[in-house]
Amino acid sequence: MQDIITIDGPSASGKTSVAQRVAQHLGIPYISSGLLYRAVALLCLLENVSAEEIEQHLGKHRLELKPTPGQNLVFLDGQEVSEALHSLEVDQIVSAVAARPAIRQYVNEVLRQIPPPFVVDGRDMGSTVFPQARYKFYLTASPEVRAKRRVPEREASYETVLAEILRRDQADQQQSAPAQDALILDTSNLDLDGVVQAVLAHITPAPGGPITK
Ligand code: C5P
């Protein structure tokens, strides 16, 4: 078992904010795995090529994720692209990018090179990428609640954001099943602090290798 905490869940379930806060509380880095898929999606947009084409030429590019206390910085071929990863354009193509097996393998290799301890959020962190994680959580919330949370972060209406979330839920279904040993938390009726407290309540110091402060 490794000092890794996985926080998985569908889009806009709050997993990144929760992962950030939990990591901050524990004094360890957090990693948002979705950013790496978003960076590959951005590469498709910049080069005006399909996910299939990028999959074949991924070896030519360099993708790096640097966790800093406040945020994750993402570098594409040495250039920082973090700010450009959360547009509606990226949202619209990222699922197609993430569906390509060689792209998943590439992203998983980048993630597995990061030394623990850390908190990582995504879809399949607990089930596939870090099955040896010490703690696993899976956040859920209704699509309507998730859309309301996401609207302030996008230049789009509630209806557009909700439609996008429903489409992405469908497209991401395959890699989004919770790990069998994950704790499932429905966050529909909780605010951010409530979810963070619920997660921290399950994390206890372990003898010989505490993950907590
Ligand atoms: O978490 P976030 O919404 O930023 O992820 C963006 C997209 O990346 C998801 O919609 C999904 O298609 C993909 N993703 C994935 N596996 C992960 C993380 C993200 O397939 N572990």
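When a ligand or atom number is given, it counts from 1 through the structure's own listing order. What you see is a predicted model; the values in this text were computed from it and never measured.
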Does an N or O from Ser11, backbone or side chain, lie closer than 3.5 Å to an N or O of ligand 1?
no
Between Arg123 and ligand 1, does any nitrogen or oxygen pair lie at a separation below 3.5 Å?
yes
Taking only Lys NZ, Arg NE, NH1 and NH2, and the carboxylate oxygens of Asp or Glu, determine whether Arg112 and Glu109 approach each other closer than 4.0 Å.
no
Taking the basic N atoms (NZ, or NE/NH1/NH2) and the acidic carboxylate oxygens, is any pair closer than 4.0 Å for Lys136 and Asp181?
yes
In terms of residue, atom name and distance, what is the protein heavy atom nearest to [atom]?
atom	answer
atom 13 (C) of ligand 1	Ala98 CB, 3.7 Å
atom 4 (O) of ligand 1	Arg38 NE, 2.7 Å
atom 12 (O) of ligand 1	Asp172 OD1, 2.7 Å
atom 6 (C) of ligand 1	Arg168 NH1, 3.5 Å
atom 5 (O) of ligand 1	Gly34 CA, 3.6 Å
atom 16 (N) of ligand 1	Arg104 NH2, 3.0 Å
atom 18 (C) of ligand 1	Ser33 OG, 3.5 Å
atom 14 (N) of ligand 1	Tyr37 CD1, 3.5 Å

If you draw a 6.0 Å radius around CD in Glu144, do more than 12 non-hydrogen atoms from other residues or ligands fall strictly inside?
yes
So does Gln71 have more than 12 non-hydrogen atoms from other groups sitting under 6.0 Å from CD?
yes
A side-chain contact here means heavy atoms from C-beta on lying under 4.5 Å apart; do Leu111 and Met125 qualify?
yes
is_close_aromatic(Phe118, Phe130), centroid dist under 6.0 Å
yes
Which residue, Pro178, Ser127, Ser13, forms the side-chain contact (heavy atoms from CB on, under 4.5 Å) with Tyr138?
Pro178
Heavy atom of His86 under 4.0 Å from ligand 1?
no
